Colleague: 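Sharing a structure, written as structure tokens. Questions coming.
Remember, it's 1-based here, ligands and their atoms both numbered in the order they're listed. One is the number of the first residue; the rest follow in order along the sequence. Quick caveat, the model's predicted, so the values are computed rather than measured. Below, all heavy atoms of this structure are taken into account, side chains as well, without hydrogens, waters or symmetry copies.
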Amino acid sequence: MKFGGTSVAEASRFKDVFNIVKHRSTVSGKVPLIVLSAMSGITNELIDCAKCAQASDHSLAAARLTDIKDRHYEVVEDLIPLSGRDQLLSALEIDFNRLSILLQGITYLGELSKRSLDAISSCGEILSTKIFSAYAISQKAPAVYVDARTIMLTNEDYGKAIPNLEELSARSQSEIAALMKEGKWIITQGFIGATANGVTTTLGRGGSDYSASLIGAAINADEIQIWTDVDGMMTADPRLVPEAIPVANVTFQEAAELAYFGAKVLHPLTIKPAIEKNIPVRILNTLNPDSAGTLLVEKTDNTEKICAIACKKGQTAIFINSARMLMASGFLAQVFNIFARYETSIDLITTSEVSVSLTIDNLDKLPQIEEELKQLGEVTVLNDLAIIALVGRNFREESGTAHRIFKALADLNIIMISFGASNINVSLVLTNQDADRAIKLLHSEFFSMAAVRS
Ligand code: ADP
Ligand code: ASP
Ligand code: MG
């Protein structure tokens, strides 16, 4: 059971989480393993703190750290009975002192490595799990706190570390399995891991979902539950489209596409460990625990043409135009080779006889890539774009979808379209500025009651 930041945003929400875990485990007779995120917004605040220190603004970094501390201590005061409070507060004090020393070090050096950033951004999960464990114990639950760094061994790719699955599986068996057999609730952190030398790493933003699915697979869980603040995977981001509705069943493949193209409710890698072990994944709402949520399954009998619409902003398109491409072979291989050498993955691609257009979202190596592409032809780069992905079924076999998309977006400028690459995904590129309106128009085209009936 993974609970995201919004599920542990304040003291009353920690209580809700506890009640959900208790109720579910009582009804099902199953032993829960609980993976928590940092309290809502805390990871961002820790990163901001680290950036202030990097800018050698020690007083701002210290003031921000005090705000973070106050927020956690308020929760402790509201949540933990006096008898158990001192022990928890002294544990948290040690974490905050460590954070303060780390920030001082960064201030003196004026330098923030990815490794130091992980040491700081990982703290939100450590704090939230310590508080939740203390609360669960105060409520007489058989809770055991497990530091995820003892099981989630990763490589040294700080900020996006890659877990070692064999080691995770072995360590889960040795550290967790016996405790769970005794009926103990395991409480551990999402998002964080450690290298073989014990240095803290993180799995990438939003990575708690991925941790939960990895640990779920490692312990052969019956089900992986992602508890969040909405009723499941919805037809669009409900913050943008209030009429969005939850989708009862989504295939693993659809969920992977939606997550990759911006449906933040699920980290894109979450699905992989679950598919490998064929473990069902359910997305549920802490604010509405009785709703059925979304079940991710191998196959669905959904008949709607479109399952959901997702959007990824901040994309860059690169257009390469070259007469050398005309009737030539091997040109695309040369283009792809450049991106491969700079470890930059391409999302969408469209080609004509003399041009190639593609999108990327990692701009770290763009200047070098651009320089090399210029040897192949004329290069134009467009920033501030958005990819909108419509994920659904049978796009290649059934007619009418393209017509409806173009009709809905008649007065907007579509910069690229990728249709046919996948039978379940049509992707469009528009400007960031047009994206929200485009999603609303597409949503009402495909999901308004009249459209669903037609
Ligand atoms: P958590 O803290 O639980 O991990 P996130 O903020 O990471 O929560 O993800 C939940 C949010 O994802 C929702 O509040 C919603 O705004 C956003 N979201 C984006 N696209 C979708 C979608 N298609 N379905 C549901 N939620 C979505
Ligand atoms: N707390 C981490 C983040 O904000 C991980 C997560 O919430 O999934 O990215
Ligand atoms: Mg999340």
Colleague: Give me the nearest non-hydrogen protein atom to atom 2 (O) of ligand 1 as residue plus atom name, then the distance to 0.1 Å.
Modeller: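 Nearest protein contact, heavy atoms only, for atom 2 (O) of ligand 1 is G5 N, 3.0 Å.
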Colleague: How close does the nearest protein non-hydrogen atom get to atom 24 (N) of ligand 1, and which residue and atom is it?
Modeller: M234 N, 2.8 Å
Colleague: Find all atoms of ligand 2 within a distance of less than 4.0 Å from any non-hydrogen atom belonging to T43, and give their numbers and elements.
Modeller: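 Here the atoms of ligand 2 in question are 1 (N), 2 (C), 3 (C), 4 (O).
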Colleague: Mind checking the CE-CD1 spacing from M39 to I131? Nearest 0.5 Å is all I need.
Modeller: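 Reported value, rounded in 0.5 Å steps: 6.5 Å.
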Colleague: Who's the nearest protein heavy-atom neighbour of atom 6 (C) of ligand 2, and how far?
Modeller: S208 OG, 3.4 Å
Colleague: Would you mind running through ligand 1 and noting each atom that sits below 4.0 Å from a heavy atom of R239?
Modeller: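 The list of qualifying atoms is 6 (O), 11 (C), 13 (C), 14 (O), 16 (O).
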Colleague: Within ligand 1, which atoms have a heavy atom of K2 less than 4.0 Å away?
Modeller: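 Under 4.0 Å from K2, ligand 1 has these atoms: 4 (O).
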Colleague: Under 6.0 Å between ring centres, would you say that holds for W185 and F132?
Modeller: no
Colleague: In terms of side-chain heavy atoms, does T129 have a donor or acceptor partner in Q189 at a distance below 3.5 Å?
Modeller: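 Result is yes, a qualifying pair exists.
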Colleague: Answer side chain, backbone, both or neither: which part of P238 comes under 4.0 Å from ligand 1, heavy atoms only.
Modeller: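 Side chain only; the backbone of P238 stays clear of ligand 1.
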Colleague: Between R437 and D411 (salt bridge meaning N to carboxylate O under 4.0 Å), is one present in this structure?
Modeller: yes
Colleague: Just checking, is any N or O donor in the side chain of S172 or S169 under 3.5 Å from an acceptor N or O on the other one?
Modeller: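 Per modelled atom types, S172 and S169 side chains form no pair under 3.5 Å.
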Colleague: Is the closest N or O pair between I309 and ligand 1 shorter than 3.5 Å?
Modeller: no
Colleague: Would you mind running through ligand 1 and noting each atom that sits below 4.0 Å from a heavy atom of A263?
Modeller: 20 (N), 23 (N)
Colleague: Would you say T286 and D16 are linked by a side-chain donor-acceptor pair, where the criterion is simply a distance under 3.5 Å?
Modeller: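 Per modelled atom types, D16 and T286 side chains form no pair under 3.5 Å.
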Colleague: For ligand 2, which atoms have a heavy atom of S37 less than 4.0 angstrom away?
Modeller: 6 (C), 7 (O), 8 (O)
Colleague: Between the side chains of S12 and E10, is a donor N or O closer than 3.5 angstrom to an acceptor N or O?
Modeller: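 Yes, because at least one side-chain N or O of S12 sits under 3.5 Å from a partner of the opposite role on E10.
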Colleague: What is the nearest protein non-hydrogen atom to atom 15 (C) of ligand 1, stated with its residue, atom name and distance?
Modeller: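 Of every protein heavy atom, D237 OD1, 3.4 Å lies nearest to atom 15 (C) of ligand 1.
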Colleague: Do any N/O atoms on D209 end up under 3.5 angstrom from N/O atoms on ligand 2?
Modeller: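 No; the residue has no nitrogen or oxygen that sits under 3.5 Å from a nitrogen or oxygen of the ligand.
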Colleague: Any nitrogen or oxygen of G204 lying under 3.5 Å from a nitrogen or oxygen in ligand 2? Just yes or no.
Modeller: no
Colleague: Run the numbers for me: atoms of ligand 1, each under 4.0 Å from some heavy atom of G232, listed by number.
Modeller: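 This gives 24 (N), 25 (C) as the contact atoms.
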Colleague: Please list, in number order, the atoms of ligand 1 under 4.0 Å from a heavy atom of M233.
Modeller: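 Answer, ordered by atom number: 23 (N), 24 (N).
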Colleague: With a cut-off of 6.0 Å (strictly less than), are more than 12 heavy atoms of other residues, nucleotides or ligands near NZ of K160?
Modeller: no
Colleague: Output the list of atoms in ligand 1 that are nearer than 4.0 Å to some heavy atom of T6, sorted by atom number.
Modeller: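 By the 4.0 Å cutoff, the relevant atoms are 2 (O), 3 (O).
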Colleague: Ligand 1 and D229, any nitrogen or oxygen pair closer than 3.5 angstrom?
Modeller: yes
Colleague: I'd like to know if the side chain of D209 pairs up with that of S211 as donor and acceptor (distance under 3.5 Å, no hydrogens or angles considered).
Modeller: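 The criterion, which ignores hydrogens and geometry beyond distance, is not satisfied for S211 and D209.
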Colleague: Contact between P32 and R24 at the side-chain level, heavy atoms closer than 4.5 Å - yes or no?
Modeller: no
Colleague: List every atom of ligand 2 that sits less than 4.0 Å from any heavy atom of R205, numbering the atoms from 1 in the order shown and giving each element.
Modeller: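 What qualifies from ligand 2 is 3 (C), 4 (O), 9 (O).
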Colleague: Output the list of atoms in ligand 2 that are nearer than 4.0 Å to some heavy atom of E125, sorted by atom number.
Modeller: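 Checking each atom against E125, I get 1 (N), 2 (C), 5 (C).
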Colleague: I'd like to know whether ligand 2 has G5 as a neighbour, heavy-atom separation below 4.0 Å.
Modeller: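 False for this residue.
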Colleague: Who gets closest to atom 26 (N) of ligand 1 by heavy atom: D231, L240, V265?
Modeller: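 Result: the heavy atom closest to atom 26 (N) of ligand 1 is in V265.
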Colleague: Less than 4.0 Å is my threshold; does some heavy atom of G4 fall inside it relative to ligand 2?
Modeller: no
Colleague: With distance as the sole criterion, is a donor-acceptor pair present between the side chains of T200 and D118 under 3.5 Å?
Modeller: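 Absent: no donor and acceptor within the cut-off.
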Colleague: To which protein heavy atom is atom 6 (O) of ligand 1 closest, and what is the distance rounded to 0.1 Å?
Modeller: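 Ranked first by proximity to atom 6 (O) of ligand 1 is K264 NZ, 2.9 Å.
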Colleague: Taking only heavy atoms of V230 into account, list the atoms of ligand 1 that are under 4.0 Å away from them.
Modeller: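 It comes down to these atoms of ligand 1: 13 (C), 14 (O), 25 (C), 26 (N).
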Colleague: What orientation do F419 and F395 show, parallel under 30°, tilted 30 to 60°, or perpendicular over 60°?
Modeller: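 Judged by the thresholds at 30° and 60°, the geometry between F419 and F395 is tilted.
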Colleague: What's the shortest distance from atom 10 (C) of ligand 1 to any protein heavy atom, and which residue and atom give it?
Modeller: T228 OG1, 3.4 Å
Colleague: Between T154 and T201, do the side chains contain an N or O donor and an N or O acceptor separated by less than 3.5 Å?
Modeller: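 Judged by distance alone, the side chains do pair up.
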Colleague: For atom CD of Q87, is the number of surrounding heavy atoms from other residues, nucleotides or ligands below 6.0 Å larger than 12?
Modeller: no
Colleague: Take atom CD of E167 as the centre, draw a 6.0 Å sphere, and report whether it contains more than 12 heavy atoms from other residues, nucleotides or ligands.
Modeller: yes
